[in-house]
Amino acid sequence: MIDLRSDTLTKPGNAMRHAMARAEVGDDVYAEDPTVSRLEETVAAMFGRPGALFFPSGSMANQTALQVLVAPGDEVLTDADAHIVSYELGAAARYGGIQTRTVVADRGLLDPGVVAAQIRLPRYGTVPTRAVAIENTHNRGGGAVYPFETLQRLRAVTEAAGVQLHCDGARIWHAAIAQDRPLPDYAALADTLMVSVSKALGAPVGSLLIGTPEVLGQARVIRKRLGGGMRQSGVIAAAALVAVTGNVARLADDHRRARELATACADARPGVCDPAQVETNIVLLNTRELQATPSAPWFVERAGDAGLRAGVLGPDTVRLVTHLDVTDADIAAAVKILRDLLKATD
Ligand SMILES: *Cc1c(COP(=O)(O)O)cnc(C)c1O
């Protein structure tokens with residue numbers, strides 16, 4: 001079975017497990033776990049920022065950032081398909097008392113002009129926009145990467161309005177590899193940046209929030225309040241260290257393999273996907289023209305019968321994600337299964 005449902009499915013390999021077994025640990029709620037501290041310093045240095053804070057999940061790190069940046073009753077502005085409004089189960093409203101306003105954006109990428117027009121300043125008796133949240137790369141946007149110049153314009157827009165900019169960079173590594181840019185370029189343009197080590201980098205668990213010492217001080221309190229104070233978490237931080245030091249450059253392979261999948265699908269069935277839009281490790285297939293309605297569960301079931309697990313992202317959207325545990329041989333086998341299936345549905 002080839003599993004392309006998600007890049008979260010990777011399992012720690014031997015080097016990672018050895019690092020975990022050997023990890024020096026302490027109680028991180030006392031800030032005494034040396035391996036967690038080393039991870040936080042390493043990631044902060046990779047992004048050229050003063051600090052980082054280790055979280056059990058990207059969702060908790062995102063929500064903590066929102067709570068730091070946006071007071072209860074104020075609002076965050078984001079795109080309608082963002083992870084923070086699609087997959088975090090209403091946490092901003094439930095735990096932060098935060099109002100979320102969304103705009104529909106092509107492939108999830110916010111347009112700076114639209115953002116400038118939508119930001120509401122406090123003085124007009126409306127709900128003030130305190131933060132803009134972007135997602136780079138964009139999951140439901142098919143791994144879309146913000147053109148760097150768009151990021152610079154978004155930064156200029158938020159700065160001019162006195163609004164904070166949060167970046168959900170669960171896959172910021174993929175953006176950096178796709179654009180061949182250094183990681184600090186991305187961190188410099190956001191007030192808070194969340195990065196995941198468990199998406200394609202192969203660590204079993206964890207994300208980090210990058211920001212100023214003031215922000216991270218507040219974030220540490222909110223993390224504890226949400227139940228995210230971890231004790232001897234050096235065991236998982238050790239895995240994260242192996243992931244960030246060893247598994248970033250190889251993401252180029254994941255991107256190449258995703259394009260191979262997309263090209264094969266488009267060859268077999270034009271219209272099902274556009275390989276030119278596959279910039280990173282996510283391939284979305286539009287199955288609307290295939291048989292059943294909704295077509296995506298139908299397609300995924302048949303792919304499963306043939307030995308390929310794919311994800312359902314919507315009634316007519318199938319998602320394929322390449323990752324550390326997928327080889328070129330797996331991709332060749334997946335291509336054959338997809339081609340047969342797409343041709344058979346003619
Ligand atoms: C997976 C993901 C998250 C959240 O990560 P978890 O660790 O699963 O909570 C946040 N944003 C994006 C874009 C993601 O893909």
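Here the structure is a predicted model, which means the values were calculated and not measured. In this chain, numbering begins with 1 at the start of the sequence shown. Counting convention: from 1, in listed order, for ligands and their atoms alike.
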Notebook entry, point to check: Which pairs, with at least one residue in residues 57-72 and sequence neighbours excluded, count as a salt bridge (charged side-chain N to carboxylate O under 4.0 Å, His left out)?
Noted result: none

Check: Which salt bridge (charged side-chain N to carboxylate O under 4.0 Å, His left out) pairs, counting each pair once, include a residue from residues 327-338, with sequence neighbours left out?
Finding: R256-D328, R257-D328, K336-D340

Item checked: Exceeds 12 heavy-atom contacts within 6.0 angstrom, atom CD of E24 -> no

Between ligand 1 and the protein, which N/O pairs fall short of 3.5 Å?
unit_1, atom_1, unit_2, atom_2, d
ligand 1, 7 (O), G58, N, 2.8
ligand 1, 9 (O), G58, N, 3.3
ligand 1, 9 (O), S59, N, 2.8
ligand 1, 9 (O), S59, OG, 2.7
ligand 1, 11 (N), D168, OD1, 3.0
ligand 1, 11 (N), D168, OD2, 2.6
ligand 1, 15 (O), R171, NH1, 3.0
ligand 1, 15 (O), K199, NZ, 2.7

Next item on the list: List the atom of T10, the atom of D325, and the distance in Å for their closest heavy-atom pair.
Entry: CA-OD2, 3.2 Å

Note to self: Strictly below 4.0 Å, N to O, side chains only: are R171 and D7 in salt-bridge contact?
What the structure shows: yes

Checklist line | Qualifying salt bridge (charged side-chain N to carboxylate O under 4.0 Å, His left out) pairs with a residue from residues 278-287, counting only residues at least two apart or across chains | finding: R107-E279

